[in-house]
Number of protein chains: 2
Amino acid sequence: MAKGTDDTIAVRISKALADRIISGAIEPGARLRQDHVAEEFNTSHVPVREAFRRLEAQGLAVSEPRRGVRVAAFDLGEVKEVAEMRAALEVLALRHAAPHLTSAILDRAEEATKAGDKSHDVRSWEEANRAFHRLILTPCGMPRLLATIDDLHAASARFLFAAWRSEWETRTDQDHRAILTALRQGNAESAAATLGRHVQWIGRKPVRTASGATREAFAIVG
Amino acid sequence: MAKGTDDTIAVRISKALADRIISGAIEPGARLRQDHVAEEFNTSHVPVREAFRRLEAQGLAVSEPRRGVRVAAFDLGEVKEVAEMRAALEVLALRHAAPHLTSAILDRAEEATKAGDKSHDVRSWEEANRAFHRLILTPCGMPRLLATIDDLHAASARFLFAAWRSEWETRTDQDHRAILTALRQGNAESAAATLGRHVQWIGRKPVRTASGATREAFAIVG
DNA sequence: AACACAGAAATTATCTATAATTTTAGATCG
DNA sequence: CGATCTAAAATTATAGATAATTTCTGTGTT
């Protein structure tokens, strides 16, 4: 991950915090105190406040005037919401990207799929998965659409890590392969349809809570 | 428009600037200088910088590190992009909203349509149009989706005002009526299909530029 | 006239200080 | 014992000052 040494401090802080929120290092609902963050990053709180605004825009944090900002909470409803938005927007992006996809790009997407299938932990699986989606969608050349999709992927990753914090079993991604096959055959509509279904598939898994009880965890696995 | 007197200064400034950008009072590409804005609003530049971050998130401004922020430029490509995103997302929202639509809501949406048909200027037409869309979509109960759609509507309004700054001829919105009829009959799919087409209709109109030449202006009219 | 350059002016980004508000904790009262 | 009030502590929001960078402008050079 590029450290972006020429970025402004506010950007660096927002990236670092986004990483923690996504990985689950900071709990949903936890308060983010500007002075504490400022001290940790050896800055004043001014850039910290700007970083907070960025996180807010990404939907990773929520702020109430005069009452500070906290890590955004989420529930099954929001997981579903993000899944549906991704389905709608990624399908749109793929339709526009399809005419510009070269076999070189599709080969790289296949590499990403293989890397995902080989992953033994959530983190590397997520990275490979995101690479796959980004590869086949970027050629749509619609920057606003891609930026929105990126934010949704960040949310997806958060849900994923929350549910599958540690355990992960390797699995072969048939959907990705079906999408690639359709694209290679020039059948964009079929690829788009599969993609739309793919990102709406919500995995469920029982997890043990801190109190010892088991509840069900949900996440987008695509 | 609620002035939000309990808002933080940054929010007030971002709303005021958003208004100007959308209405075209500030030109695309124009620089926003933090000290000037701060002076105008009688504040320091700290809240101004936060306001800039908000505008950036909405896609109304773009910023380059150390080089300031400018009003986002746009072209036909972006108009199309926003139209397609709106189509995809509003269709999604309507599908979820449909089961929760009451005849009271639909009546209010019809009022909004009538108000739009009677409008003699772009500004009031846009307001009525936005009210219509908001009324039939809000019951979907998906906050993230609605927030994204709101930002897209802001962009749409900007395109619209840029093209139809002064002249506006009243027109009867058949699409809105067809959508309402379908919804009243419980035919959500048909309503969604019409809505999807509706927001992708891009109006074209010749406008005279400052130099006297005529170019074509484009905007989403739905 | 076009170009490059140096210095000045303007502007952004950050820091330190202060004011306003909220949260916390302890004490008091029913 | 719980609820409510109050004062202290913590925290957010804004202001004012400073450092760093960019942009502008005029001048000299080819």
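Chain letters run A, B, ... following the sequence lines, proteins first, then strands; residues in each count from 1.
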Okay, side chain of [X], backbone of [Y]: is any donor-acceptor separation there less than 3.5 Å?
X      : Y      : result
B:T138 : B:L135 : no
B:E50  : A:R49  : no
A:R86  : A:G222 : yes

* For the pair A:E56 and A:R53, evaluate salt bridge (charged side-chain N to carboxylate O under 4.0 Å, His left out) and give the outcome as yes or no after the intermediate values. => CA-CA 5 Å; A:E56 215 184 331; A:R53 296 287 89 78; 2.9 Å; yes
* CZ of B:R49 versus C1' of C:dA13: gap in Å, rounded? -> 5 Å
* To do: Figure out the CZ/C1' separation between B:R70 and C:dT12, and round it to whole Å.
  => 13 Å
* Verify the distance criterion only: is there a donor paired with an acceptor across the side chains of A:E90 and A:H198 at less than 3.5 Å? => no
* To do: Examine the side chains of A:N129 and A:H153 and answer whether a donor and an acceptor come within less than 3.5 Å of each other.
  => no
* Strand-adjacent residues in residues 25-42 of chain B, judged by heavy atoms under 4.0 Å from DNA chain D -> B:R31, B:N42
* Does the separation of the ring centres of A:H36 and A:H45 fall below 6.0 angstrom? -> no
Contact between [X] and [Y] at the side-chain level, heavy atoms closer than 4.5 Å - yes or no?
X      : Y      : result
B:V82  : B:F74  : no
B:P47  : B:R12  : no
A:E111 : A:K114 : yes

Tabulate atom names and distances for all N/O pairs under 3.5 angstrom spanning the protein and nucleotides 16-18 of chain C.
unit_1, atom_1, unit_2, atom_2, d
C:dA17, N6, A:H45, NE2, 3.4

* Asked: Which two nucleotides bound the region of DNA chain D that has atoms under 4.0 Å from heavy atoms of chain B, read 5' to 3'?
  -> D:dA13 to D:dT23
